[in-house]
There are 2 protein chains.
Amino acid sequence: MKDSHTHKKILPSACKVTDDICLPDSDLPRVVIIGGGFGGLALVEKLKHKEVQVVLFDKNNFHQFQPLFYQVATSALEPDSIVFPFRKQFSGYKNVIFRLAEVEEIQPSSNILITSRGKVHYDYLVLATGTTTNFFGMDSVAQNSLGMKDIRDSLNIRHMMLQNLEQAAITCDDDERDALTNFVIVGGGPAGVEMAGALAEFRKYILPKDYPEYPASIMNIYLIEAIDELLSTMSDKASSKTLKYLKGLNVKVLFNESVSDYDGSEVTTKSGKKILAKNLIWTAGVKGQFPKGVDEKHVVKGNRIKTDPYLKVEGFKNVFAIGDIAALISEETPKGHPQVAQVAIQQGKYLGESLLKLMKNKHIEPFYYKDKGSLATVGKRKAVADLGKFRFTGYFAWLLWSVVHLISISGFRNKLMVGFNWAVSYFTYEKSNRLIIRNFKPKSLINHTKN
Amino acid sequence: MKDSHTHKKILPSACKVTDDICLPDSDLPRVVIIGGGFGGLALVEKLKHKEVQVVLFDKNNFHQFQPLFYQVATSALEPDSIVFPFRKQFSGYKNVIFRLAEVEEIQPSSNILITSRGKVHYDYLVLATGTTTNFFGMDSVAQNSLGMKDIRDSLNIRHMMLQNLEQAAITCDDDERDALTNFVIVGGGPAGVEMAGALAEFRKYILPKDYPEYPASIMNIYLIEAIDELLSTMSDKASSKTLKYLKGLNVKVLFNESVSDYDGSEVTTKSGKKILAKNLIWTAGVKGQFPKGVDEKHVVKGNRIKTDPYLKVEGFKNVFAIGDIAALISEETPKGHPQVAQVAIQQGKYLGESLLKLMKNKHIEPFYYKDKGSLATVGKRKAVADLGKFRFTGYFAWLLWSVVHLISISGFRNKLMVGFNWAVSYFTYEKSNRLIIRNFKPKSLINHTKN
């Protein structure tokens, strides 16, 4: 008996000759988007219900809200509050198809994309593949530290932190206990600053309750920055206030310093400092990631893909790049636009409109970025904001930060979850459940126990 | 510079001569509990604030609420709603210490416990180590299927299911699509029945929304039971109603049948049936798990440890067993008590009181189990309940089930989270976010893609 065979041939045999991946039959032009980050998602939203077939490939089945990764890392939010399934988002978008697959290569001469699940044909291709952590070739750091570019990174940081705190409770060795409880964060941009603030808050409010065996002073937090200011892309006021807030939270900020080596237990800095720490979080650099088939001549600094003012990859008629991966180099933006969510969202919206015009042979304008400002939070109820000519700091900036982020998160349920957790956290200083569900074992930890 | 060394010697050097694990100095008798399930936790609650030092070892930093694993597996609840960190639970219990470690061996002659982090001394030892999935020696099944005895199992089932549904959307091969979407659940006890009901509900309400490319009929759900009734420990009314409910949900129940082989894609049953299914969930058996050092002569069927009527392991003065691992064999319970949460909780409470009496040389009574009844839910708004002489089924039983489970879950936040998700689910038929965060790759899936 083969019960399951009774359903044979219920789906139309829809694959085109050039496709290995099953897609609905359609005479509409097919726009294939690689990557469902801020840029890819904004593009889908512009193309939904239009006369195109949209196929989104992503290696995850969810969109990630990167700005709140540090809150997942410090157990303030659960991952399901800040990542959102594409299929839920696209429910009711009849012309939008999601396919879970890794993209391996593009073959622009034949308009073919090669994925981990086979080939697929495109009429228009959009690279929205974003960036990954850049360790600048330092293998020892790459092997022993954790980045913050994926929700799994955040969960790994959480589990590293909680496991190390548990081990510190067990060990009778003072040096080992110090190493297990000390944190070094590399990079004084928004990710590093927000992470340092959140850790300091954890030390202040959670550590004494969960680990009564420790004095709060046991957990040292270092923030290492290569130049002489934090949040260097923001205003001077924002930078100096941020430093003041972090110092108030007892974070040790080291300027003009960088990491030269890390063995998993001891950080060595360029100037020769040694810091015992089994927790190293790396937010000091990113590099573009994209499939094979992009010619070297289109790749610029930071492994980004050079585009023309219309976000088209030079030399192609139908291949585009948006978001962190795209470098639109012009007189106003000699290094390309900043790699932030706002740029990606505006590029996604712009490209959506452009593609529809292109298909109708209408005139299109070049992409123009409207800077809506920057925000960063530092611990509890404090933040810095640059909005046009206005600079806010402190409680009001923090409220603004909270509202902006809550509005930006996809989905009603997620907004509610994040809002609920923040409210509980605000009034009680209690965070959500601190669980070690992943069996995270950094190499440096495997052999250090007694038996 | 070694900044972190400034905190040297801030913690008392508290380890006893026999301890490798740092524990606070105390003259109180030390009760070491291995395992923080229902039994271990109930025992801790009885011993908190008493004149004993309680040390709980667990390989996880959280208690797991097993009865709702199937809801995590089917994306109805997030894991943080049904697991609860010990440190949060024990906050304020000054005589209770949690240590994250795996226990490897007991040395009863010297009152020493050997853990993955070193040795520790005990005055009283309680084994509350529970059970693990029993595949009865069938390696092919063990390698290719998933059990339901740990929150990670639930997450693995969820990710297997969502990944297979995504792959089914990609493939153009009808047989592969059938195999990817079919589910076989083995075992008609509460875990299997509740899992089958929840999957059928997922198929009915979620599949059409998230996967509009499929007809709902594509996902076949089989429930395989070795004897001729479901929920055989409950009343006949409960068993027959459960069967009726499952049939109403279009679950294919196979009685007097068992699995003889499974290659990851095709299930072979004892009678020779073949079912294409890449999703096999095994709830058909458990076996006790405990550290080395327990003499063979104390081990009975199901790998349980035989105790006297006071839950003491025979031959020892100070070693006890509670919960699923314990087999108190008497005239009334020739096979030991049923392996359910209620027995574990009552044994934990009983042993807590007994230990306190023992320490004061007071008289203790043998353990007596008071059966409060059984409940099982089948899909949405339907359940069966045996309470003493009363048998309920349908909507009222479901309400009762909901209330009982909500009350039993640890922690106000968790109750709120579960309550909230259930309410949303009840009114909207929408479940929480369906995320593939673990990179789950069962062996059977690794080599079946096209490239």
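Just so it is clear: chains get the letters A, B, ... in the order the sequence lines come, proteins before strands, and each one is counted from 1.
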Between [atom1] on residue [X] and [atom2] on residue [Y], distance to nearest 0.5 Å:
X: A:Asn61; Y: B:His159; atom1: CG; atom2: NE2; answer: 8.0 Å
X: A:Ile170; Y: B:Thr115; atom1: CD1; atom2: OG1; answer: 6.5 Å
X: B:Asp210; Y: A:Phe90; atom1: CG; atom2: CZ; answer: 12.0 Å
X: A:Arg117; Y: B:Cys172; atom1: CZ; atom2: SG; answer: 13.0 Å
X: A:Leu100; Y: B:Leu165; atom1: CG; atom2: CG; answer: 11.0 Å
X: A:Lys88; Y: B:Ile206; atom1: NZ; atom2: CD1; answer: 7.5 Å

Q: Among B:Lys59, B:Arg87, B:Arg99, find the residue that satisfies the salt bridge (charged side-chain N to carboxylate O under 4.0 Å, His left out) test when tested with A:Glu166.
A: B:Arg87

Q | pair B:Cys22-A:Arg177: side-chain heavy atoms closer than 4.5 Å | A |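 B:Cys22 reaches A:Arg177 side chain to side chain.
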
Q) With sequence neighbours excluded, what pairs up with B:Tyr211 under the ring pair (Phe, Tyr, Trp, His ring centres under 6.0 Å) test? A)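 So B:Tyr211 forms a ring pair (Phe, Tyr, Trp, His ring centres under 6.0 Å) with B:Tyr214.
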
